[in-house]
Amino acid sequence: MNSNMPPQISTFAADVDNLYFLLLWSSLISAVIMIGAMIYFVLKYNRKSPNDKTAYISHNAILEFLWSFIPLVLFMSVFVWGWVVYYKQRNAPEGAMEVHVTGRQWLWEFEYKNGKKMTNELHVPVGVPVKLLMTSADVIHSFYVPSFRQKQDVVPGMYSTTWFEAKEKGIYQVFCTEFCGTNHSAMLAKVHVVDQADFDKWMGADPNAGKSLAERGADLYKVKGCNACHSIDGSKIIGPTFKGAWGREGQYADGSKGTVDENYIRESILNPQAKLVAGYPPNMPSFQGVLNDEEIKSIIEFMKIVK
Ligand code: CUA
């Protein structure tokens, strides 16, 4: 019946689907009964001659009781069922693992209690309740994992929470489901549901071990969302391509000229509107606080090798 739905990965996914299908089927059956009766009456009581008169009918107590009572029972059961599922979705169990989530144009940041920080990648152990403490750095976003049947607005200036417990290992898609600007549709992340042992190993591992600055930069290019606007193959997405950008003479929107060097890249990451390349919209958000000095250095080294 639900073959067209995403897999039911969270503990409450099946509840949400069952309620949804109750609503769908009861609406469908009601519509068929109502429209069917309407068509039947139109044909049966169609005026056959100009002298046809409508019979005088004052009321029918049983009929009126039934058409009030049956919908009442139906609506109340939907309400109670909906409330039970909603309550379960809204209230994380005691002792759930907490992860901080920050939405910003146009990426998701995840920070664990031990300070480990990830962009667009959330790793969680299977079978463990995870509570997300979420806020936004700029505008309203919305955190949505279809396979978890779970969706929550992420609002600047306050925390909102949501939780889930994944029943199966796998990689699941996160969407931003609140229109938040140019790159809203590219504001994607993945939830990696793994064994507790793999999770612990991942938590302790340094993802940069043994990697050159340029290799770290290549990773950051993807996980920090640079790739949403800057290609590395020369194609124009939203911003200028990184291909051959290093050392290029640039013409800026204010008429000035300059060379793409370390200082230009650093400034463009932290204060993107300062020297906007002519012909491009001022869409890039500041990455102040998103990329630290170490990471900016890595991205600079990466840009040097993208030719
Ligand atoms: Cu963030 Cu849409």
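For clarity, every value in this text was computed on a predicted model and none was experimentally measured. Indexing begins at 1, ligand by ligand and atom by atom, following the structure's order. All values below were derived from every heavy atom in this structure, side-chain atoms included, with hydrogens, water molecules and symmetry-related copies excluded.
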* Would you mind counting protein N, O or S atoms that sit less than 2.8 Å from atom 1 (Cu) of ligand 1? =>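 My tally for this metal is 4.
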
[X] and [Y]: aromatic ring centres closer than 6.0 Å?
X: Y264; Y: Y252; result: yes
X: Y87; Y: W83; result: yes
X: F175; Y: F143; result: no

* Indicate yes or no: does D15 engage R149 in a salt bridge with an N to O separation below 4.0 Å. =>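 A salt bridge is absent here (no side-chain N lies under 4.0 Å from a carboxylate O).
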
* **Partners passing side chain to side chain donor-acceptor pair (under 3.5 Å) against D233 (at least two apart in sequence or in another chain)** => S231, S235

* To do: Assess whether ring-ring contact (aromatic ring centres under 6.0 Å, His included) is satisfied between W25 and Y20, documenting all intermediate values.
  => CA-CA 9 Å; W25 284 110; Y20 174 79; over 10 Å; no

